[in-house]
There are 2 protein chains.
Amino acid sequence: MTRSEENDIKTIYHLGGRGSKSISTNSIAEQMETKPSSVTDMAKKLSDKGLVHYVKYQGVSLSEFGVKTALSIIRKHRLWEVFLVEKLDFTWDEVHEVAEQLEHIKSEKLIDRLDALLDFPKYDPHGDPIPAKNGEFQERDKQLLSELSVGAQGVCVGVKDSSVPFLKFLDKNKIALGNTIKVLDKEDFDNSLRILMEGNEMRISHQIASNLFVKKNS
Amino acid sequence: MTRSEENDIKTIYHLGGRGSKSISTNSIAEQMETKPSSVTDMAKKLSDKGLVHYVKYQGVSLSEFGVKTALSIIRKHRLWEVFLVEKLDFTWDEVHEVAEQLEHIKSEKLIDRLDALLDFPKYDPHGDPIPAKNGEFQERDKQLLSELSVGAQGVCVGVKDSSVPFLKFLDKNKIALGNTIKVLDKEDFDNSLRILMEGNEMRISHQIASNLFVKKNS
DNA sequence: ATTAAAATTTAGACAAAACTAAAAATAGAT
DNA sequence: ATCTATTTTTAGTTTTGTCTAAATTTTAAT
């Protein structure tokens, strides 16, 4: 698999193109910042290789083999992200770009040993699950902070938006995975929240709250 | 810099093409397992970029900038090798292939942090020196085991041939960097040696002895 | 100094991965 | 059911890196 092919497969996976759901070449192109015609070319190639199902004008979806491949790339990406944060002290907004490169390194032994070095982590620095070698993974029981009702309390377990600006914002406001958050009040007007986090009271906008995953305390 | 360009630069460096010494396109092609005409093309490109001095029919040599670039790639390669051995328990015959890929990852922060994680190693698993960030490095004071006189003693500090078969041979015979070796006897007929290594007496061929670097005890 | 052999470059071809612009198919509104 | 706008594909071009074969230059032997 070339790097482009791997990136294609990964993008289709992230856009949800498994099973019966087909993804349009247009949306893939948009996501990859390339042109639809290039995606069409790639779709044919990947179809020939048995990685995707492709019907002209109907979009592409990953084959079983394609899903397996996507998960193996995602596994590598997320393990490298953990490595960068845990061992090299990268911040969580710095890891994506480098992991994009590292995920294409070809060595099964490398990834297995990295997994062991990191103590077989289940989640990456953004709270996303890391597929096991066989492709299995567990989506964590979670919900958006914006969906919590007043008085409810949870632990921050992930982000929906993992863009650099959002992650930097969270850092600046000392919002980190593992923090306990209690919803004190909800403002009807703009859906902003007053929360208690690790002893500090603060106000956060709806946009923030709807991009933060929490695990509700039973 | 593309991957091909980086590999080219590295090859020229390893063939000794610094300063006044020019390397023929033929020898570069042979080393890289490619064709001389491809090397000619690359030579023009690298010359345009200021990385090499290239005179038609006279071969190429690295510019100052080219040497700096080569050292930065070698630095990455060797740091990754140390990482693979020290942190991921790779054997020294397994590291080269993976490091060949890892050396092309672009992130200065990554390499600096890796350097720190490994505690700023000065030598890679084969005993080769790791250039510092500024390109400086010290070739270790060393000589070939085959050059030691009978009765002399030294510590094994590196290999000249770092091919997989040779490294595997050394492993099998429990010859490792750091071992103390004393030359007990030299066979005139085939130049083989009888040595004492870490308490064990053994016989090694001239070919082995002339690919092992030792540091002579004062 | 000449010349044959070897080394090197040039010119032109090819494959991969991307693009643009035109053509074709689909989807949605009437 | 038709037509128009949108989506998607096709066809042809570009760039990069590589190759082969022919032409050129250098080297080394006489």
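The chains referred to below are lettered A, B, ... by the order of the sequence lines, with proteins before strands, and numbering in each begins at 1.
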message: Heavy atoms from C-beta onward define the side chain here; which of C:dT8, D:dT18, D:dT10 lies closest to that of B:Thr34?
response: D:dT18

So does [X] get a side-chain nitrogen or oxygen closer than 4.0 Å to the phosphate oxygens (OP1/OP2) of [N]?
X	N	value
A:Thr40	D:dT9	yes
A:Lys35	D:dT8	no
A:Ser38	C:dC19	yes

Grab the [atom1]-[atom2] distance between [X] and [N] for me, whole Å please.
X	N	atom1	atom2	value
B:Met42	C:dT8	CE	P	17 Å
A:Asp48	C:dA17	CG	P	13 Å
B:Asp41	D:dT16	CG	P	12 Å
A:Tyr54	C:dA25	OH	C1'	12 Å
A:Lys45	C:dA15	NZ	P	14 Å
B:Gln58	D:dT26	CD	P	7 Å
A:Tyr57	D:dT7	OH	P	14 Å
A:Asn26	D:dA5	CG	C1'	13 Å

- request: Identify whether NZ of Lys or CZ of Arg in A:Arg113 sits under 6.0 Å from the centre of the six-membered ring of B:Phe90 and within 45° of that ring's axis.
  value: yes

- prompt: Any salt bridge between B:Asp141 and B:Lys216, counting N to O under 4.0 Å?
  reply: no

- prompt: Taking for each residue the nucleotide of DNA chain C with the nearest heavy atom, is it A:Thr2 or A:Lys56 whose nucleotide lies nearer the 5' end?
  reply: A:Thr2

task: Would you indicate whether B:Glu30, at its atom CD, is surrounded by more than 12 heavy atoms from other residues, nucleotides or ligands within a distance under 6.0 Å?
output: no

field: A:Tyr123-A:Phe137 aromatic ring centre distance below 6.0 Å
entry: no

task: With heavy atoms under 4.0 Å as the rule, sort B:Thr25 into base, sugar-phosphate or nothing.
output: sugar-phosphate

- request: If the plane angle is over 60° it's perpendicular, under 30° parallel, otherwise tilted; pick one for A:Trp92 and A:His126.
  value: parallel

- request: Would you state whether a donor and an acceptor, one from the side chain of A:Ser24 and one from the base of D:dT8, lie under 3.5 Å apart?
  value: no

field: Quiz item: B:Ser37 side-chain donor-acceptor pair to D:dT20 base, under 3.5 Å
entry: yes

